[in-house]
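One structure is given below, encoded as structure tokens.
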Amino acid sequence: MGSNHDHDHDHGNGHDHDDADRPPGEGRALRVGVGGPVGTGKTELVSCLCRALAADVGLAVVTNDIFTTEDAAILQRKDVLPAERIMPVQTGCCPHTAIRDDISENLDAIEQLERRFHPELVILESGGDNLTAIFSQALVDVQIFVIDVAGGDKVPRKGGPGITTSDLLVVNKTDLAPLVGADLEVMRRDADAGRGERPTLFVSLREDPLATPVVAWVRDALAAHRRSATAA
Amino acid sequence: MRAPDHRVALHALLVLADGRLPVGGHVHSAGVEAALRDGRLPDLDALADFVVSRLHTTALAEAAIVATTVCHLVEVAGPPVNVLGMLDGEAGARLPVPALRAASRRLGRQLARVAGRCWPDPVLGALGDVHPDGCHQPVALGAVAFVVGADATEAAMLSLHHSAQTPVQAALKLGGLDPFGLAALVAGLAPAIAELADLAAHYAAGPLADLPADTGLIVEIDAVAHDRRTDCLFAT
Ligand SMILES: Nc1nc2c(ncn2[C@@H]2O[C@H](COP(=O)(O)OP(=O)(O)OP(=O)(O)O)[C@@H](O)[C@H]2O)c(=O)[nH]1
Ligand SMILES: [Mg+2]
């Protein structure tokens with residue numbers, strides 16, 4: 001718990017406890033989950049999003065790392081967001097439990113960030129996990145699943161709820177395709193077959209550090225969230 | 001509202017005893033992560049010693065608060081927040097390590113969150129008014145046990161069961177210990193847990209000042225060091 005310096009008073013007001021329990025679209029921040037296997041570029045993507053959006057969107061980030069602060073430390077080093085807006089949570093050897101089965105710690109982290117900064121967008125990075133790990137609907141409004149080309153072009157075919165049901169599938173590291181002999185067309189075909197209408201974006205965050213298409217997708221999600229908030 | 005049929009209370013206790021209930025417990029190791037790192041839990045026997053000593057010290061102190069909370073809520077006539085606040089003070093006084101105190105409030109708050117959805121009751125609402133960071137976990141657990149209609153001994157057993165399972169499940173994940181051996185370890189604790197639950201209920205009938213305050217010194221020192229590290233898998 002070394003990272004939670006203010007844990008003797010990590011809560012502002014007892015009556016606000018249910019803030020993060022509120023259903024989506026009731027005036028609270030849009031919550032975007034970023035999940036996917038180890039090393040596929042989740043932290044890289046989160047820092048791209050922060051870099052692209054921080055100027056005009058109130059932002060906060062929750063990281064769920066295997067070892068508490070690794071991802072948070074990377075984001076802090078990259079200096080994409082003030083350090084106090086990045087909060088790591090522990091996951092007790094089970095990153096998928098923390099985002100799906102028992103989301104208590106993540107809800108707590110979101111509550112704290114919402115209370116302190118009133119962000120418009122909260123990004124949650126899950127710990128690198130397996131293809132079955134998805135975020136609970138009670139934790140995020142939309143989720144992005146990140147896989148990479150380096151894992152081989154079989155990955156979209158393997159499927160799993162992250163690949164088939166995420167709101168956006170990002171296939172990262174297209175620059176590595178020739179090096180690992182991955183066929184992007186096969187990946188495209190298999191992803192589309194498993195995902196139906198849901199979008200898939202191919203990117204190389206190395207070559208496009210602004211993650212242009214993903215940022216555009218998140219901006220659209222944010223606009224939809226704002227509309228549903230004013231309609232509610 | 002107390003459940004009229006004890007089978008209903010029993011079902012609620014099963015739900016509460018189930019590790020699948022989302023109460024935030026899976027990120028706590030009860031000192032096992034630190035002890036393993038230190039080489040003090042090489043095998044199942046060492047873990048069994050660790051768990052048994054935990055049961056007789058901090059776990060008994062917590063179970064006594066849980067049982068006392070049930071007893072006091074049974075008797076209280078007015079709004080429960082005063083009695084909950086008083087017991088919250090007793091719980092905090094038995095947690096000298098700031099990191100463990102914070103974790104206890106956090107777990108109490110997380111339990112209140114899920115219990116409030118499962119068994120809506122003004123007593124659970126009052127938990128949120130005790131302290132801005134949440135009520136200490138044993139008080140919250142006692143309040144939930146009261147709401148579902150459990151008695152003091154049953155509530156203490158529930159608390160002791162979690163006190164045993166938390167380190168055992170962490171050891172399973174961190175040390176790769178034999179899951180069947182671990183299951184047998186927990187099952188074999190039945191006589192100890194039954195006896196300690198009776199003891200907790202006994203304390204609950206006495207004055208608050210006499211509630212046990214036993215702790216594990218090494219575990220507490222470990223908890224301070226654990227809290228300062230940045231490479232931990234578990235929060236405590
Ligand atoms: N070649 C190449 N490398 C990339 C690309 N995107 C990210 N990387 C590298 O891939 C490695 C892992 O990236 P991270 O962003 O840390 O991956 P992650 O998914 O957050 O990893 P975990 O949190 O450990 O699961 C880093 O060394 C990145 O620099 C890319 O588009 N191309
Ligand atoms: Mg990462």
Side-chain angles (χ1 to χ4, degrees), chain A residues 1-23 63-74 76 83 86-112 115 127 136-139, chain B residues 19-30 32-33 81 92 97-107 109-114 116-117 124-135 166 169-176 223-236:
Chain A
M1 230 199 221
S3 44
N4 264 339
H5 297 297
D6 55 347
H7 49 209
D8 236 3
H9 207 94
D10 57 8
H11 245 71
N13 179 334
H15 299 285
D16 289 350
H17 281 180
D18 291 330
D19 278 12
D21 289 344
R22 268 183 295 159
T63 60
N64 283 242
D65 213 348
I66 308 292
F67 289 96
T68 323
T69 52
E70 182 70 21
D71 284 332
I74 296 174
Q76 281 160 9
I86 304 168
M87 190 168 289
V89 304
Q90 268 111 345
T91 57
C93 293
C94 280
H96 53 274
T97 304
I99 61 162
R100 186 188 59 201
D101 311 1
D102 184 348
I103 58 175
S104 306
E105 286 288 309
N106 274 299
L107 279 181
D108 273 6
I110 293 174
E111 280 177 358
Q112 286 176 50
R115 187 164 298 113
S136 163
Q137 295 174 10
L139 187 59
Chain B
R20 288 167 291 195
L21 191 68
V23 291
H26 73 103
V27 306
H28 296 272
S29 84
V32 159
E33 184 171 14
V81 64
V97 178
L100 296 183
R101 221 162 41 235
S104 170
R105 289 210 181 281
R106 201 178 183 89
L107 285 165
R109 188 170 79 231
Q110 292 171 339
L111 173 63
R113 174 193 280 139
V114 61
R117 285 282 284 274
L124 300 183
L127 287 173
D129 299 327
V130 170
H131 190 282
D133 293 346
C135 204
T166 298
Q169 291 309 313
L172 173 93
K173 289 171 185 155
L174 288 167
V224 175
H226 185 90
D227 185 52
R228 292 190 180 139
R229 299 181 70 108
T230 56
D231 60 350
C232 299
L233 291 156
F234 287 83
T236 61

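Chain A is the first sequence line, chain B the second, and so forth, proteins listed ahead of strands; every chain is numbered from 1.
- Here the SG-NZ distance, from Cys93(A) to Lys173(B), works out to 7.0 Å after rounding to the nearest 0.5 Å.
- Contact of Ala73(A) with chain B is not made at all, since no heavy-atom distance falls under 4.5 Å.
- Taking CZ from Arg109(B) and OG from Ser104(A), the interatomic distance works out to 10.0 Å, rounded to the nearest 0.5 Å.
- Atom NE2 of His28(B) and atom CD of Gln90(A) lie 8.5 Å apart (nearest 0.5 Å).
- Once rounded to the nearest 0.5 Å, the distance linking CG of Asp102(A) with CZ of Arg20(B) reads 13.0 Å.
- Of the listed residues (Leu174(B), Val114(B), Val23(B), Val130(B)), the greatest number of heavy-atom pairs within a distance under 4.5 Å of chain A belongs to Val23(B).
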